[in-house]
Amino acid sequence: MKRQILTSAVGIITALLVGLIIMAVQGYPAFDSYYQLFNYSLFSKFSFFSTLAKTAPLILTGLSAAVAFGSNAVNLGQVGQFLIGGISVTAAGLYIDLPPVVMIPLLIFIALLSGALYSGIAAWLRLKFNMDEFITTLMLNFVAQYFTMYLISGPLLDKELFSPMTRPINKSGWLPDLGGLDSTIIISIILLIIIYFIWHHTKAGYEWKVMGSNEMFAKAGGANIDKNYLKIMLISGALAGMAGAMLVMGGVQHRFLKGIGANYGWDGVMIAVVADSSIIGTAFYSFFFAMIQTGAMGMELETSVPSEFVLILQSITVLFVVASRKSAHLLLNRINILLRMKNIKSGGGIKEDEFID
Amino acid sequence: MNLLIELIRSTFLAAVPILLASLGGTYTYYADIFNIAMEGMMLIGAFTAVLGSFFSGSWVIGILSGIAGGLFTALIFTVFAVYLKTDEFVTGIALNLFALGGTTYFLRQIFSVKGAFTSSKIIPLPDWNIPIIENIPVLGELLSGYPFLVYITFLIAVLVEIHIFKTKFGLRLRATGEDDAAVDSVGIKSDIIKSKAILLSGFYCGLAGVFLSLGYVNLFAENMSNGRGWISLAVIILTRGRPLGLLFMALLFGFFDGLGLALQNTFIPSQFTQMVPYLATLAALFFYSREKKKSKGESKNESMAV
C-alpha cells in the first residue's frame, strides 16, 4: 500500500512536470495555469461541488473497468454501456411518470439493467462462441453510438431544437439537488461501498480477484470460471450504464443530447488502469481526473491554455504512474538480488529473512 | 451500373487504410506484442500529414510528416512497453487517448478550430491515371484514377509477405514472438527486434493516417480514425497475420464500408448504414470462432494472442 502511494506520487509528479514543460514550450505561463487548474476545481464551494458532480460518473465507469480488469475480463465497452444506460433511462423518463419515490428507484434499476444487458451481449458471445470480449465490446461501442444517435435524431428527437437531443425527462425522475451539490455523488459512493464490500469481503469477490491474478489457480481451486465471468461482465456493464443514467437524471439538462458521453467511458478505462484495478485507487483517480477536467475551463479562461490540454495530461499521467510502478518493482527486485549476491560472495550464505520480495 | 462502379471504387478506397494499418500490425502480431495503439498511431499520422501538407504546400512533405507522426507514437510505445516494461495493453490504451487528446488539443492550438479542419491549402495525394487502361470504358473507371497510394499499398502487401516469411529479419521476428528468451540466448537482442516491429507498425499506421487525411478525404477531423485501428486488429486476428489474407479481408471491409455509403441514399437512416463495418467485424469474428470450434475443438480458453 505504501509503495503504491509512493509510485503514484512519483508518476503524478513526473506527469505534471512533463505537462509543465509542454505548456512552457508553447509560451504559456505554466505555473499560473496549474494554479488556476486547482483554483477552479477546489478552492470554492461551487468549484468543489462541480468537481464532485464530475467525479460521480467517473467513479462508476472507473469501477466498471476496475472490476472487469481486476478479474481478467477485458471489458472495453464502457462507452457503449454508458450510452445504452443513458438512452434507456431517457426513454423511460419520457414515457413513464410516477411519484419520485417510485420513479427514481425504477430509473436506477432500468439503468443498471440496460447496461448489464448490453455488456451481457459481449459476455454471451465470449462464453458461447469464444469471441474475445475486447474486440466485441469495442465494436459494440460504435453500434451503441450510432444507435443512440439515430434515436435522438429520429424517434426521440425534440423537434423544437436544431441540435439532435431529446426532450427533458419527466421531473419526477430528476435527482434532487442538495444545496448546490449534485446528489449523483451519493449514489456513486453507495455503489462504491457495495463494490468494495463484495470485492474484499465475499467469497465471490475473492474468486474474482484470484481469476484476475491467476486463472488456472482459480480453476484448480474450484471456482466456476464461466459463471463468475458472466457475473463480472454484468456488474461491469451495470455500473457503466448507471454512469450514463446519472448524466440524464442528475445535472441540469435532464435530457440525452449528442456527445453526452464525452470521454467518460474511456476515462473510466484509464482510471482503472492507473489505479491498478484497486477500488480505493479508482475513487482517488476519479476525483483527480474530475478535478483537472473541472479546472480546465478555468485555466482556459485565465491563461488561455486550451482545455483539451487535460486530455494530454491524463494520458501521460497514466503512462508515468504505470511505468513508475513497474520500474519501482524491477528496481527493488534488482536491489534484492544485488544484496543477496553480495552476501553469498562475502561467505555469509543466504539467510531466511532476506527473502523480502 | 454506375452504382456498382461507385461501390467497387469506394471498396478500394475504404480498404486501403485498414490494409495499411493491419500490415503494420502484422509485425507486432508476429513479435507477440499486444499492439492496440494502432488506432492512435493512425490518428496522429493523419494529423501530422495534414500539418505537413498544409504548411509546406507539398504532399510529399505531407506523407513524410504523417509517417513521422506514426513513428513518433511507436517510439513512445517502444520506450514504455519494451524498455520500461509497462504493460502493453496499458501503454496502448494510454497512447490511444493521448492521440485523441493530443490531436484535438493541437487542432485547436494550431488551427483554432474544433471538430474538423479543412482548407484548400491542404495538398492531397495526387491521383494516378493508368495509361491505356484509363481509356477502356468500364475497366478504366474501375482501376484508374485513384490516389497513387492505393496502388502502392497493394504492392506493399506483397512486400510485407516476403519480408516476414522470406527474410532473415522475418525469421528472427517470428522467433521472437515464439520465445524471446531463446532468441536472446543465441545472441540476438529480442528487445531490438521488438522495437523494430513496433516502429514498422508505426510506419505503416502513419501511412494509413496519411491516406485517411490526404487521400480518402482532404481534411482532418477529431477522432477521424473512428475505430479503423481496432478493425485492423480484428482483421489480423481473423487472418492470423497472413498479409495476403489481410488483403482479402481489408477489401471485404472496404466493401461493407462502401455498401454503407451506397445505402445512405435509400430509406435506411444513415446511422444504421454507418454501423455496417462494425457489425461486419462482429459477424466475421463470429464465423471465424464457429469455424475454429468446428474444425478443431481447441481448448476453450485459448486466447488470441496478438
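Note on naming: letters A, B, ... go to the chains in the order of the sequence lines (proteins, then strands), and numbering restarts at 1 for each one.
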Taking all non-hydrogen atoms of both residues, which atom of [X] and which atom of [Y] are closest, and how far apart?
X: Tyr28(A); Y: Gln109(B); result: OH-OE1, 2.7 Å
X: Gly101(B); Y: Leu311(A); result: CA-CB, 3.5 Å
X: Leu84(B); Y: Ala323(A); result: CD1-CB, 4.1 Å
X: Ser315(A); Y: Ala94(B); result: CB-O, 3.4 Å
X: Lys326(A); Y: Lys85(B); result: CG-O, 2.9 Å

First locate atom [atom1] of [X], then atom [atom2] of [Y], and finally report the distance between them rounded to the nearest 0.5 Å.
X: Leu125(A); Y: Leu282(B); atom1: CG; atom2: CG; answer: 7.0 Å
X: Ile316(A); Y: Leu95(B); atom1: CD1; atom2: CG; answer: 11.5 Å
X: Met149(A); Y: Ser270(B); atom1: CE; atom2: OG; answer: 8.5 Å

For [X], is it the side chain, the backbone, both, or neither that has a heavy atom closer than 4.5 Å to a heavy atom of chain A?
X: Ile36(B); answer: side chain
X: Thr91(B); answer: both
X: Asn226(B); answer: both
X: Phe272(B); answer: side chain
X: Leu97(B); answer: both
X: Phe80(B); answer: side chain

Are Phe89(B) and Phe69(A), when compared by the centres of their aromatic rings, separated by less than 6.0 Å?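 Aromatic pair counts; centres sit under 6.0 Å.
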
As an exercise: rank Val322(A), Leu138(A), Val318(A) by heavy-atom pairs under 4.5 Å with chain B and give me the winner.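 Most pairs with chain B among the choices: Leu138(A).
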
Hey, which of Val269(A), Val273(A), Ile22(A) has the most heavy atom pairs under 4.5 Å with chain B? Val273(A)

Start with the C-alpha gap between Phe106(B) and Phe309(A), add the side-chain angles, then the distance that decides, and say whether ring pair (Phe, Tyr, Trp, His ring centres under 6.0 Å) holds. CA-CA 9 Å; Phe106(B) 283 108; Phe309(A) 180 72; 9.0 Å; no

Within the structure provided, determine whether Phe134(A) and Trp230(B) are in side-chain contact (heavy-atom separation under 4.5 Å).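 No; the side chains remain at least 4.5 Å from each other.
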
Do Phe129(A) and Tyr288(B) make a side-chain contact, defined as non-hydrogen atoms from C-beta onward lying under 4.5 Å apart?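 No, side chains not in contact.
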
Heavy-atom pair count under 4.5 Å with chain A, highest-scoring of Thr86(B), Asp87(B), Ile76(B):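 Option with the top pair count is Thr86(B).
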
Looking at Leu107(B), Ile231(B), Val90(B), which makes the most heavy-atom pairs under 4.5 Å with chain A?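 Looking at each option in turn, the highest pair count goes to Val90(B).
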
Would you say that more than 12 heavy atoms from the other residues, nucleotides or ligands in this model lie under 6.0 Å from the CZ of Phe55(B), or not?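 Yes - once you tally the heavy atoms of other residues, nucleotides and ligands closer than 6.0 Å, there are more than 12.
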
Are there over 12 heavy-atom neighbours, none belonging to Phe217(A), within less than 6.0 Å of that residue's CZ?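 Open.
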
Classify the ring geometry between Phe142(A) and Tyr278(B) as parallel (under 30°), tilted (30 to 60°) or perpendicular (over 60°).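 Answer is parallel, since the angle falls under 30°.
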
Under 4.5 Å from any heavy atom of chain B, what part of [X] do you find: side chain, backbone, both or neither?
X: Ser153(A); value: side chain
X: Val310(A); value: neither
X: Leu313(A); value: neither

Can you tell me which residue among Gln271(B), Met275(B), Gln274(B) is in a side-chain contact (heavy atoms from CB on, under 4.5 Å) with Tyr150(A)?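 Running side-chain contact (heavy atoms from CB on, under 4.5 Å) over Gln271(B), Met275(B), Gln274(B) with Tyr150(A) returns exactly one hit, Gln271(B).
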
Matching residue for Trp266(A) among Ile93(B), Asn96(B), Leu100(B) - test: side-chain contact (heavy atoms from CB on, under 4.5 Å):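 So the option named by the test is Ile93(B).
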
